**Q** 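Quick one: the structure is below, and I'll ask about it shortly.
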Amino acid sequence: MAAESPLWRKAFDGVERRIGAPLENATSSADFQVLSLKVGRVKTAVIAPVEAVVGFGLHLVGIPSHAEVRVLRRDLIKVQRELLAMRREQAVTERESKDSE
């Protein structure tokens with residue numbers, strides 16, 4: 001005997017059937033992709049100057065900007081990866097030296 005689907009699932013499936021195909025057609029169209037690219041460019045054009053002004057203001061009060069924190073985070077991840085590689089290399093070297101004894 002098959003279990004009855006919960007009410008929330010029936011509601012979800014009903015909404016998905018009604019809007020799924022039109023939404024898929026709209027988002028896969030060339031016009032949507034062009035619009036998406038243009039919105040991304042406008043967003044970048046607006047955000048860059050705002051980030052510059054905010055970053056300058058933060059520097060005036062001695063606080064790092066979001067961009068600086070991103071760079072530091074990226075550098076920290078790189079150092080952590082290098083440290084992990086060095087630890088692995090050290091473990092292999094120690095294991096080899098114990099095996100040779």
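All residue numbers refer to positions in the sequence shown, counting from 1. All of these numbers come straight from a predicted model, not from anything done at the bench.
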**Q** Identify the heavy atoms of Val46 and Val50 that sit nearest to each other, and give their distance.
**A** O-CG2, 3.3 Å

**Q** Calculate, to the nearest 0.5 Å, the distance between atoms CG and CD belonging to Asp75 and Gln80 respectively.
**A** 11.0 Å

**Q** So with a 6.0 Å cut-off around CD of Glu82, is the heavy-atom count from everything else above 12?
**A** yes

**Q** Can you get from Leu58 to Val69 by hopping between Ile, Leu, Val, Met, Phe, Trp and Tyr side chains that sit under 4.5 Å apart?
**A** no

**Q** Please collect all side-chain hydrogen bond (donor to acceptor under 3.5 Å, both in side chains) contacts where either partner lies in residues 12-25, sequence neighbours excluded, each pair once.
**A** Arg9-Asp13

**Q** Rounded to the nearest 0.5 Å, what separates atom CD in Glu94 from atom NZ in Lys98?
**A**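 Answer rounded to 0.5 Å: 6.5 Å.
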
**Q** Mind listing the closest non-hydrogen atom pair of Gly55 and Ser65 along with its distance?
**A** CA-CB, 3.9 Å

**Q** Thr44 side chain to Gly40 main-chain N or O, any donor-acceptor pair under 3.5 Å?
**A**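 Yes; judged by distance alone, with no hydrogens or angles, the pair exists.
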
**Q** To the nearest 0.5 angstrom, please state how far the OG1 atom of Thr27 sits from the CG atom of Leu35.
**A**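 If we round to the nearest 0.5 Å, Thr27:OG1 and Leu35:CG are 12.0 Å apart.
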
**Q** Is any side-chain heavy atom of Lys78 less than 4.5 Å from a side-chain heavy atom of Arg73?
**A**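 A side-chain contact is absent here, since even the closest heavy-atom pair is not under 4.5 Å.
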
**Q** Which value, rounded to the nearest 0.5 Å, describes the distance between Leu23 atom CG and Ser28 atom OG?
**A**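 Reported to 0.5 Å precision, the distance equals 9.5 Å.
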
**Q** Say whether Val61 and Phe56 are linked into one hydrophobic cluster, either directly or through other cluster members, by side-chain heavy-atom distances under 4.5 angstrom.
**A**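 They do not share one cluster, since no chain of ILVMFWY contacts under 4.5 Å joins Val61 to Phe56.
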
**Q** For residues Ala45 and Pro49, report the shortest heavy-atom separation together with the two atoms involved.
**A** O-CD, 3.0 Å

**Q** Roughly how far apart are Glu68 CD and Ile63 CD1, rounded to 0.5 Å?
**A** 11.0 Å

**Q** So do Lys38 and Gln33 actually touch side chain to side chain, heavy atoms under 4.5 Å?
**A** no

**Q** Can you list the other members of the hydrophobic cluster that holds Trp8, where links are side-chain heavy atoms under 4.5 angstrom apart?
**A**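 Trp8 shares its hydrophobic cluster with no other residue.
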
